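Below is one structure, written out as structure tokens, with a few remarks after it.
Please read all numbers here as calculations on a predicted model, not as lab measurements.
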Amino acid sequence: MTNLARSSACADRLPHAHLAEILSIVRTRCGLDLTGYRRGTVERRVRTAMIAAGASSSAAYLDRLRADRRLAGDLLARLTVKVSRFYRDAAAVERLREALAARLAAAPGPLAVWSAGCARGEEPYTLAMLLDDLGAPAGPDVVATDVAPDALAAAEAATYPAAALAELPRAYRDRYLTPVLGGGVAAFRVHPAIRARVRALRHDLSAARAPPGRRRFDLVACRNTLIYFQPPLQRRALELLLDALAPGGLLWLGAAEWPAALAGGRLEVLDRRARLFRAAGGGADA
């Protein structure tokens with residue numbers, strides 16, 4: 001594909017009818033409804049998929065998408081965000097660790113955690129490391145959910161490049177990760193004891209239903225996912241997250257996310273900078 005064609009594909013404003021059919025194909029073939037996602041974000045990633053497919057226009061891309069079922073999976077992978085790393089935003093993780101320690105001290109026993117929009121698994125494995133380091137007994141532990149099959153496959157493989165460990169404390173790296181030799185690229189695999197504390201499941205936050213085996217959670221982490229939703233879907237997804245919290249349970253959001261009006265009095269702020277909140281109805285000081 002020429003540079004001129006690439007420029008044309010990127011600059012082309014996707015006709016509404018074309019975008020609607022593209023999203024309909026993704027919904028039919030991949031089971032994900034993207035109509036509640038921010039249009040600008042969706043369009044940018046569709047254009048990237050068009051370039052990768054060698055299509056010079058949205059009409060040409062639609063023709064290829066209709067004819068090749070594999071392209072829907074490629075588009076889904078591009079539309080779903082998977083940027084993460086272990087111990088992401090270390091100061092916020094440390095504040096969360098303090099809050100989890102307080103909850104564990106108030107009610108010793110297994111802690112149930114939901115990592116929603118878990119990407120390739122760096123966050124849920126970080127949370128499992130925190131639980132282990134705090135001495136939380138193995139039990140319900142961490143349910144890790146995402147809409148993208150490739151992300152869940154990566155989470156289950158639990159092998160990561162060295163760059164994903166940039167913020168992880170050295171003590172955690174040495175204790176919970178094992179170097180993987182071969183291939184010429186430095187990589188690390190999560191220790192089996194930590195992998196055993198995480199269960200990866202496919203779940204769509206836009207579907208307004210709880211993940212399989214629903215229970216109340218001591219912590220719900222959903223970081224940097226809500227920002228990709230339009231306001232109506234943001235509100236529905238936040239209600240789902242709140243409904244999953246146990247009394248006094250913790251809600252952890254991304255740096256650019258804030259629950260509107262603190263969800264009608266259902267939440268209190270534990271740490272504004274860390275975007276850490278607590279559900280009404282109990283909980284120890286943290």
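With rounding to the nearest 0.5 Å, the separation of OG in Ser206 from CD in Gln230 is 11.5 Å. Note that CZ of Arg70 is 4.5 Å distant from CG of Asp68, once rounded to the nearest 0.5 Å. Remark: Cys30 SG to Arg69 CZ distance equals 9.0 Å, nearest 0.5 Å. Taken from OG in Ser58 to CZ in Arg47, the straight-line distance is 9.5 Å, to the nearest 0.5 Å. Taken from CG in Asp132 to CG in Asp141, the straight-line distance is 9.0 Å, to the nearest 0.5 Å. Interatomic distance, Thr225 OG1 to Asp146 CG, rounded to the nearest 0.5 Å: 7.5 Å.
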Checking side chain to side chain contact (heavy atoms under 4.5 Å, CB included) for the pair Asp133/Arg97: CA distance, chi angles, key distance, verdict?
CA-CA 10 Å; Asp133 190 39; Arg97 188 186 187 282; 2.8 Å; yes

Test salt bridge (Lys or Arg N to Asp or Glu O under 4.0 Å) applied to Asp89 and Arg223, step by step:
CA-CA 11 Å; Asp89 303 324; Arg223 305 176 73 208; 2.9 Å; yes

Check the pair Glu239, Arg236 against salt bridge (Lys or Arg N to Asp or Glu O under 4.0 Å), reporting the backbone distance first and the verdict last.
CA-CA 5 Å; Glu239 284 296 316; Arg236 294 201 307 272; over 6 Å; no

Between Leu165 and Tyr172, is a side chain to side chain contact (heavy atoms under 4.5 Å, CB included) present by the stated rule, with each step listed?
CA-CA 10 Å; Leu165 281 57; Tyr172 275 30; over 6 Å; no

Candidate pair Leu130 and Val93, rule side chain to side chain contact (heavy atoms under 4.5 Å, CB included), full reasoning
CA-CA 9 Å; Leu130 292 179; Val93 178; 4.0 Å; yes

Pair Asp174, Arg170 - check salt bridge (Lys or Arg N to Asp or Glu O under 4.0 Å), show working.
CA-CA 6 Å; Asp174 293 346; Arg170 178 64 181 263; 3.1 Å; yes

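Transitive grouping of hydrophobic side chains (ILVMFWY, heavy atoms separated by less than 4.5 Å) brings Leu267 and Val269 into a common cluster. There is a path of hydrophobic side-chain contacts, each under 4.5 Å, that joins Val142 to Leu134. Criterion: ILVMFWY side-chain heavy atoms under 4.5 Å apart, direct or through other members. Under it, Val26 and Leu152 are not part of a common hydrophobic cluster.
A donor-acceptor pair under 3.5 Å links the side-chain atoms of Arg38 to the main chain of Ile227, judged by distance alone. Under a 3.5 Å cut-off, the side chain of Arg202 and the backbone N or O of Val147 do form a donor-acceptor pair. Using a distance-only test at 3.5 Å, with no hydrogens or angles considered, a donor-acceptor pair links the side chain of Tyr125 to the main chain of Ala155. Side-chain atoms of Thr159 come within 3.5 Å of backbone N or O of Ala157 as a donor-acceptor pair. In this structure, the side chain of Asp243 does not engage the main chain of Leu241 through any donor-acceptor pair within 3.5 Å. A donor-acceptor distance shorter than 3.5 angstrom exists from the side chain of Trp252 to the backbone of Ala274, with no hydrogens or angles considered.
Residues Ser84 and Glu123 have side chains that never bring a donor and an acceptor to within less than 3.5 angstrom of each other. Defined by atom type and a distance below 3.5 Å, a donor-acceptor pair is present between the side-chain atoms of Glu94 and Tyr87. One side chain, Arg44 or Thr41, offers a donor N or O that lies under 3.5 Å from an acceptor on the other.
In this structure, the side chains of Glu257 and Arg275 stay at 4.5 Å or more apart for every pair of heavy atoms. Between Glu122 and Phe86, the closest side-chain pair of non-hydrogen atoms falls below 4.5 Å. In this structure, Ile22 and Leu62 have side chains that are in contact, with non-hydrogen atoms separated by less than 4.5 Å. Under the 4.5 Å side-chain criterion, counting only non-hydrogen atoms from C-beta, Leu177 is in contact with Leu168. With a 4.5 Å cut-off on side-chain heavy atoms, Leu238 and Gln234 do not count as touching. Put simply, the side chain of Leu65 does not reach to within 4.5 Å of the side chain of Glu21, judged on heavy atoms. A heavy-atom distance below 4.5 Å is found between the side chains of Phe229 and Leu205. Residues Leu233 and Tyr37 form a side-chain contact, since some pair of their non-hydrogen atoms from C-beta on lies under 4.5 Å apart.
Contact detail for Pro259 and Phe277: the closest heavy-atom pair is CD-CZ, 3.4 Å. Closest approach of Asn224 and Ala255 over heavy atoms only: OD1-N, 3.9 Å. Shortest non-hydrogen contact noted between Leu79 and Arg45 is O-NH1, 3.6 Å. The two residues Leu276 and Arg95 come nearest to each other via the heavy atoms CD2-O, 4.0 Å. In this structure, Arg64 and Gly54 approach most closely via the heavy-atom pair NH2-O, 3.5 Å. Minimum heavy-atom separation, Ala164 to Arg85: O-CB, 3.5 Å.
Considering Leu96, Asp218, Val113 in turn, Leu96 is the only one that fulfils the side chain to side chain contact (heavy atoms under 4.5 Å, CB included) rule with Leu250. Across Leu251, Leu270, Asp271, a single residue satisfies side chain to side chain contact (heavy atoms under 4.5 Å, CB included) together with Arg278, and that is Leu270.
By the 30° and 60° cut-offs, the orientation of the rings of Phe217 relative to Trp114 is tilted.
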